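Here is the structure we will look at, set down as structure tokens.
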Amino acid sequence: MKKIFLSLIALFALIPAAFSQTLLDSQIISKVTDAVFEVVVEKTEDTKIIYNDELPFDRLPFSQRNDKYMSIGTAFLLKDGNFYSASHVFALYGDTVQNKYFIRDSSGKTYPVDEILTLSNRRDFISFSVPSYKPKADQGLEVSKQYNMNSNVFSVGNALGDGVIIRNGILTSETDEDRNGEWKWLRFSAAASPGNSGGPLINEKGEVIGIVTMKSQNENLNYALPIAEVDTGKDGKGIIDTVFYYRLPNILNKKQYHNFKYTVKLPMKYTQLHETLTKAYKDSIKEVVGIMAKDYAPGSPKSFDKSKGNAEFFYSAYNTDFPYIIYLNESGTWSYGGTNTKSYDLEDNGSVDYCSLMGYVLTKVNKPDSITLEELLANPRTYVDMILEGSGIYRTVAGENVTIKSLGEATKVEQHVDTFGRTWTASYFDINFADSVLICYALPMPNGVFAVYDTCSRSTAYCETCHDIEFALDFVYTSYFGKLKNWKEFLALPESITGKQPEFLKNISLEYDRKHFKFSVGDISSNFAPTVIKADDDTRFIVINSFTNQGGKLKLENRAVSIYTDSKNPDYKAIFIKRINKPMDNAVKKTKNSWTQYLNEVSPFDSEPYNHDSYTYQDRVYFVEGQDKQDPDHVYALSFELKKDMFEEIKKMSDKVIKSTQFK
């Protein structure tokens, strides 16, 4: 016991000496805290957003719910009268609602940031003026460009937004800047929490030796920029120099290396600087997307219509209720992106089908009976509210997720015409509390609307996502579904709603009454009497597209049509007519065998009826008059469906269909 007691005495005897090396003098602490400020932005609130429940703001900590500002970082005053911070604390470019910055002192008073004096986003420093703040005599920190490894250092900053605090540690090492080793970062063990960015790293004398910039990814060590590196920005030039890889959503095996580099003359008002750099950044993103589009956009040298396997894209036509997106997989093969959708029922027989694909949400709103198609499409808010009901977003307050019912009216609405002439409505909905946007591109359909949307930061939405989605829209492959009453309304929509329609939609026409059902789709024109099929408002009508090359230009064409009456009706009938083009020479064996099967009228395309499950089927091939039957350019495959054991009836129906149809 005596030995242990003596050891404890020895241990406690060492403590004052150890702490004397890591504590700052009270006068230094006072001087340091007097020169360090929070960087804050004004909180934004949304008056347009409607929530399913009341937001529980009363559960937030008192200081948080009563603060009109949001604390985002730290800045400090030097003896030269200017303020310094890390450049990443400020939104230098990109659309944002947080475009006014302030410093806040220990008394809670705020002062607006005015001019940016020096800047380097690569070194991660910025200096600025605050004319409304009048420094006291002798206020501001001294600078020391000399430092010793393993010496005591202190991180000073706005830790977690709870005010400025000082924490001690050791200056452990220096490490080269990653790209070219142009400078060395200081590494230190003093704690640095979110909000510490931009604060000073000081020595025991309270002198600034660096600017706190980032945390280590894998260790409990943090980084600071040596204060001497700020001198590199005193030549009147502000430098943005960012390198990154850019990948388009459906091009999975290619990343484009890009360098966004831009120089501005300083000093400059922050608002003007932000506007200038935002425009430059947007132009830079358009440039990199343009570089990739030259290779991969439809019709380009490396796109699906020019690459290995392209013959199958021209040969095939798929009946898909929920659209596909064509994508280039990581192995370098083009394919159709299938979807595993979920469904949500709306009132009045409406529904929302949706899935996540390639980083976005794809969704289809099937129109409720209670509104017209024009009413659905006239205002993007109408279908976006339905989308949110089916696959919603929420806001987290005090740990509780509160579902957003509506984002209100769109802030911006415009039209985008894709490669194939389809007009999409692009709408942007503000989510100001998160400085975010819901961006939605919507395509009118006979039974509703198909949309691709994303919820992301405002900067990402306006600078990047808009280009990414527009690129991906060129690869959307869709059939057009609807009941005849839907089609009638769809084809009558004004151009102000649909935009200018592509040729493959313009050449669709239909009319029906008790005496006949007449339609024209691509090269297929029919005029059916009631003895063939009794068409009414609820008869389903489907148009299927495929790709064609006309005059060297890639286009969509109407390739097939399907007609279904109510399957619950004893007089149920289904007719499917599809144009089959001769495969290209480079088609795979499976495709060529399929073509041979049609030419030779091999079963099931031998015109012989057969039963399967509860139905009778007949499949047959029609050869266009005037073509060489041994080597035609195209043929037509026809399929028919009736209730079970109706062999004679299906033969008669198919004969009437062929007699009532013109095939080109």
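Just the heavy atoms: all of them, side chains too, but no hydrogens, waters or symmetry mates, feed the values below. Small disclaimer: the values here were computed from a predicted structure and weren't measured.
- Using a 3.5 Å distance cut-off with no hydrogens or angles, the side chains of N401 and T396 do pair a donor with an acceptor.
- Between the side chain of N66 and the main chain of F62, a donor-acceptor pair closer than 3.5 Å is present.
- Sparse packing is recorded around CG of D178, with 12 or fewer heavy atoms of other residues, nucleotides or ligands lying under 6.0 Å away.
- T411 and D430 are linked by a side-chain donor-acceptor pair at a separation below 3.5 angstrom, with hydrogens and angles left out of the test.
- Counting non-hydrogen atoms of other residues, nucleotides and ligands closer than 6.0 Å to NZ of K43 gives a total above 12.
- Surrounding CD of Q27 are at most 12 heavy atoms belonging to other residues, nucleotides or ligands under 6.0 Å away.
- No more than 12 heavy atoms of other residues, nucleotides or ligands lie within 6.0 Å of NZ in K302, so this atom counts as exposed by the packing criterion.
- With no hydrogens or angles considered, a side-chain donor-acceptor pair links T242 and N121 at under 3.5 Å.
- No donor-acceptor contact under 3.5 angstrom links the side chains of Y281 and T276, judged on distance only.
- One finds a salt bridge joining D114 and K269 here, because a Lys/Arg side-chain nitrogen approaches an Asp/Glu carboxylate oxygen to under 4.0 Å.
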Notebook entry, point to check: Run the side chain to side chain donor-acceptor pair (under 3.5 Å) check on S300 and D295 step by step: do they pass?
Noted result: CA-CA 5 Å; S300 299; D295 284 336; over 6 Å; no
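- One N or O on the side chain of N222 and one on the backbone of A190 form a donor-acceptor pair closer than 3.5 Å.
- In summary, the side chains of D468 and Y246 do present a donor paired with an acceptor at a separation below 3.5 Å, with no hydrogens or angles considered.
- Screening T213, L119, T232, I227 for a side-chain contact (heavy atoms from CB on, under 4.5 Å) with F125, the sole residue that qualifies is T232.
- Using modelled atom types, one finds no donor on one side chain facing an acceptor on the other under 3.5 Å when comparing N82 with S127.
- Using a 3.5 Å distance cut-off with no hydrogens or angles, the side chains of E330 and N253 do not pair a donor with an acceptor.
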Item checked: Worked check of side chain to side chain contact (heavy atoms under 4.5 Å, CB included) between V397 and R59 -> CA-CA 8 Å; V397 177; R59 298 179 206 162; over 6 Å; no
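- Residue E275 places its CD atom among 12 or fewer non-hydrogen atoms of other residues, nucleotides or ligands, all under 6.0 Å distant.
- The pair D231-K234 counts as a salt bridge, with a side-chain nitrogen and a carboxylate oxygen less than 4.0 angstrom apart.
- Checking side-chain atoms of K405 against main-chain N and O of D53 turns up no donor-acceptor pair under 3.5 Å.
- A donor-acceptor contact under 3.5 angstrom links the side chains of S197 and H88, judged on distance only.
- Between K184 and D176, at least one side-chain nitrogen of the basic residue sits less than 4.0 Å from a carboxylate oxygen of the acidic one, meeting the salt-bridge criterion.
- Checked by atom type, the side-chain pair N432/T44 shows no donor-acceptor distance below 3.5 Å.
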Next item on the list: Test salt bridge (Lys or Arg N to Asp or Glu O under 4.0 Å) on R395 and E45 and set out the steps.
Entry: CA-CA 12 Å; R395 178 176 181 178; E45 196 48 69; 3.0 Å; yes
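- Ion pairing between a basic and an acidic side chain is recognised when a charged N comes within 4.0 Å of a carboxylate O; R122 and E177 show such pairing.
- With 3.5 Å as the limit, one finds a donor-acceptor pair spanning the side chains of S193 and R167.
- Counted within 6.0 Å of NZ on K279, heavy atoms from surrounding residues, nucleotides or ligands total 12 or fewer; the atom is thus considered open.
- A donor atom on one side chain and an acceptor atom on the other are not found under 3.5 Å apart for D95 and S459.
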Item checked: Audit row: Y223, F188, ring-ring contact (aromatic ring centres under 6.0 Å, His included) steps and yes/no -> CA-CA 6 Å; Y223 287 79; F188 60 94; 8.4 Å; no
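- Taking the centre of each ring, H258 and F244 come in below the 6.0 Å mark.
- No donor-acceptor contact under 3.5 angstrom links the side chains of R104 and N158, judged on distance only.
- Judged by distance alone, the side chain of T460 and the main-chain N or O of C456 form no donor-acceptor pair under 3.5 Å.
- By the neighbour-count criterion of 12 heavy atoms within 6.0 Å, atom NZ of K48 is densely surrounded, having more than that number from other residues, nucleotides or ligands.
- Atom NZ of K412 has more than 12 neighbouring heavy atoms from other residues, nucleotides or ligands inside a 6.0 Å radius.
- The ring of Y270 has its center closer than 6.0 angstrom to the ring center of Y101.
- The main-chain N or O of Q146 is found under 3.5 Å from a side-chain atom of S144 such that the two form a donor-acceptor pair.
- Salt bridge D25/K205: absent, no basic N to carboxylate O contact under 4.0 Å.
- Looking at N259 and D241, their side chains do bring a donor and an acceptor atom within 3.5 Å of each other.
- Checked for salt-bridge contact, D105 and K109 miss the test: no charged N lies under 4.0 Å from a carboxylate O.
- Between F90 and F128, the ring centre distance stays below 6.0 Å.
- Here the closest non-hydrogen pair linking S303 and A297 is CB-O, 3.1 Å.
- Taking the six-membered ring for Trp and the full ring otherwise, F37 and F83 have centroids separated by under 6.0 Å.
- Nearest heavy atoms, N203 versus L24: O-CD2, 4.0 Å.
- Put simply, the side chain of S129 never gets that close to the backbone of P131: no donor and acceptor are under 3.5 Å apart.
- No hydrogens or angles considered: a donor-acceptor pair under 3.5 Å links the side chains of T110 and Y69.
- Residues Y133 and Q139 bring a donor and an acceptor atom of their side chains to less than 3.5 Å of each other.
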